[in-house]
Structures are given as C-alpha cells and as structure tokens.
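Remarks on the structure that follows.
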Amino acid sequence: RHALRPLRQSTSSVASHQNSSRQGIVQVCACRSGAREAPWESLMFAKRAIIAALALSVGLFLMPTPATAIDPDGSALLDGSSGYLDAGTSADWNIGTSDFTVEWFAYQTSAGGFNRAFSLGAYPSAALAFSIESGTAYVWASGIRLTYTFTGQGGYFNRWIHFAITRTAGSINLYVDGTRVATAPDSTNIVTTGLNLYIGRELSAANTCFPGNLSNFHFVNGTALYSGANFTVPTSTITAVANSKLLLALKSGANWLNDT
C-alpha cells in the first residue's frame, strides 16, 4: 500500500489507494469536494519502480476527456495555477550518463508563465526539465541543452502534441510529433539525488504550473526509445518497456477507490 496525500489543505477530496492484483498497477480516484467520483486515472508503475507516494495538490482534477487516437482513455486536467503531480524522490530518476527517454502527450490551453511539463530540480540548473515559454520550448539538463521555437501559438496551442526527449549515442534530442526538431552533443551527468519528480510544474515557482491536459507521461531510464530524424508517434495508450520507471496512463476502470 502506498500513501496518497495532498500537499497542503485544499477543497479537493483525495483518495487513498492500493495496489491492484496485477503487478505494477495502482488505481487512483480524485475529485472535487461534493462532486461525483471520477475514476479517470490509472497510474501504471513499471516493475521495481520505487515510488513512496504520489501527491495531488490544490487545483488538479482528473477529468474525462473525449477519446481520440492519442488520448484514448482520458487525461489529467491541470488548472495552470496550482495543480500538479508529485512523484517523489527515487533512485529511478538518477540517469547519470545513461541513455534515457521522457515522453508525454500535452494539450496546452494558454500561454504566459514558464510552463513546465515536468521538472527534476529548478531553474536555472534543473537536472532535467521541459518548458514552453513565449512559444519557445526548452530542454533543461543541468542548464539549457536544447531550444525550439514554434511558429505562432497555433503551433502548440489547443491541440494534442506528442513530445519526447531522448539521449542516445552521446546526443540529446527533442522530438515534436515524431520529428526531431533539436539535437546537440550531450554527456551530462544527470544527478537527481534528493530531487522530486514534478509533473506539471517546477519545484518552487507557482508561475511554472502547466495549463491544460497531460497524458501518458513515460520516464525510461537506460533506453532511448526513439532515434533518427523521425519516428511513428504512438496511437494508443503507451505501454511499459524493460527500463520504464514511471508510466502514467490515464484510464477509466472498474477497480478504483473513491474518497469515501
């Protein structure tokens, strides 16, 4: 059993949760106080993942979204001001000089701020993070490693986008919808000891909260799932692989616990 806790007092009801009978699956339900329960999240942890707790903060609600080819089961709706997920600290985030992949689907609904899709550490020297600021995407790995500027707000607003950051053969890469848009040599020693993995914000700055929906966040330590100039973007719920350490597949299901 894992402890699920709010980060601070809020009007949100937060469920306790337990492992299901299938290895690596944790079912979670969270909802507004007084609202009907919404069983819209399944957190799929890879084998041997060491996760002490997952915390849902003020402003995060797990809501159903219309099914699409890349969002078949639902997504986490973050309010852009205080909602985020905290996956805690873990040796699994400690990449060192290994290959890795971080991928996710995002549907951003507003600009402004320094919106982090995820972060290990904080500006200006985050161990690993991704942000979109005034239309420019930044990949942080102990400093800025890659940048990519979208063409107009239509390039990243109000549409689902698949993002992937990989490191392989001594190069770090940023992919947007399966196309490599930035690459650079990189052998950075990514040390995350004592750092929480935040999804949807940075460690301490409130203006880093992500506005919109996130789904299928996947953290792989030790393997670059994508290489080359292009790859085919997943069209269904992402599944765990050998070195998957965290996979948040937001699904509806019958085996969930409500806040009662």
- Item | Any donor-acceptor N/O pair, R145 side chain to T188 backbone, under 3.5 Å | no
- Looking at CD1 of I144 and OG of S125, how far apart are the two atoms once the value is rounded to the nearest 0.5 Å? 11.5 Å
- Measure the shortest side-chain to side-chain distance between N158 and Y107 over non-hydrogen atoms and say whether it is less than 4.5 angstrom. yes
- Query: Tell me, do T166 and L225 make a side-chain contact under 4.5 Å, heavy atoms counted?
  - Reply: no
- Could you state whether V191 and V139 fall into the same hydrophobic cluster, counting links through intermediate Ile, Leu, Val, Met, Phe, Trp or Tyr residues with side-chain heavy atoms under 4.5 angstrom apart? no
- Message: Using only atom types and a distance under 3.5 Å, with no angle test, would you say the side chain of T147 pairs donor to acceptor with the backbone of Y138?
- Response: no
- Stepwise, does the side-chain hydrogen bond (donor to acceptor under 3.5 Å, both in side chains) test hold for N173 with T183? CA-CA 4 Å; N173 309 282; T183 186; 2.7 Å; yes
- Where do L203 and N196 land on the side chain to side chain contact (heavy atoms under 4.5 Å, CB included) test, with the steps shown first? CA-CA 8 Å; L203 172 64; N196 288 45; 5.6 Å; no
- Query: Any side-chain heavy atom of Y123 sitting closer than 4.5 Å to one from F114?
  - Reply: no
- How many angstroms lie between CD1 in I190 and OG in S98, if you round to the nearest 0.5 Å? 9.0 Å
- Note on the structure: Closest non-hydrogen atoms of N115 and C209, given as atom of the first, atom of the second and distance, are ND2-O, 3.1 Å
- Item | Heavy-atom pair with the smallest gap, counting every atom of A141 and I172 | CB-CD1, 4.4 Å
- Message: Give me the atom names and distance for the closest heavy-atom approach of A137 to L174.
- Response: CB-CD2, 4.3 Å
- Closest non-hydrogen atom pair, F210 against A106: CZ-CB, 3.9 Å
- Query: Checking T101 side chain against A164 main chain: does a donor-acceptor pair fall under 3.5 Å?
  - Reply: no
- Message: Between W140 (side chain only) and A122 (backbone N and O only), is there a donor and an acceptor less than 3.5 Å apart?
- Response: no
- Message: Measuring only between side-chain heavy atoms, which start at C-beta, is L128 closer than 4.5 Å to F100?
- Response: yes
- Measure from the ring center of F219 to the ring center of F217 and say whether it is less than 6.0 Å. no
- Transitive ILVMFWY side-chain link Y156 to V176, under 4.5 Å: yes
- Message: I need the S90 OG to L197 CG distance, nearest 0.5 Å.
- Response: 9.0 Å
- Query: With no hydrogens and no angle check, is any side-chain donor or acceptor of N94 less than 3.5 Å from a backbone partner on T192?
  - Reply: yes
- Walk me through it: do I199 and W104 pass the test side chain to side chain contact (heavy atoms under 4.5 Å, CB included)? CA-CA 10 Å; I199 300 162; W104 67 97; over 6 Å; no
- Verdict with supporting geometry, L85 and L248, side chain to side chain contact (heavy atoms under 4.5 Å, CB included): CA-CA 11 Å; L85 290 168; L248 278 67; 3.4 Å; yes
- Give the ring-plane orientation class for Y175 versus Y226, where under 30° counts as parallel, over 60° as perpendicular and anything between as tilted. perpendicular
- Taking the side chain as every heavy atom from C-beta outward, state whether D177 and I161 have any atom pair closer than 4.5 Å. yes
- Note on the structure: Nearest heavy-atom contact between A127 and L195 is CB-CD1, 3.8 Å
- Query: How are the rings of F163 and F130 set to each other: parallel, tilted or perpendicular (split at 30° and 60°)?
  - Reply: tilted
- Query: Rounded to the nearest 0.5 Å, what separation is found between the OG1 atom of T109 and the CZ atom of F157?
  - Reply: 7.5 Å
- Flag the pair D92 / L246 as yes when at least one side-chain heavy-atom distance between them is below 4.5 Å, and no otherwise. no
- Message: Closer than 3.5 angstrom, by distance alone: can the side chain of D79 be matched with the main-chain N or O of S81 as a donor-acceptor pair?
- Response: yes
- Any sub-3.5 Å donor-acceptor pair from S119's side-chain atoms to G121's backbone N or O? yes
- S187 vs T97 side-chain heavy atoms within contact, under 4.5 Å: no
- Measure the shortest side-chain to side-chain distance between N213 and W160 over non-hydrogen atoms and say whether it is less than 4.5 angstrom. yes
- Message: For the backbone of I238 and the side chain of N216, can you confirm whether one donor and one acceptor N or O come within less than 3.5 Å of each other?
- Response: yes
- What heavy-atom pair brings S244 and H218 nearest, and what distance separates the two atoms? OG-NE2, 2.6 Å
- Note on the structure: Applied to residues 100-129, the salt bridge (charged side-chain N to carboxylate O under 4.0 Å, His left out) test, sequence neighbours excluded, yields R116-E133, R116-E202
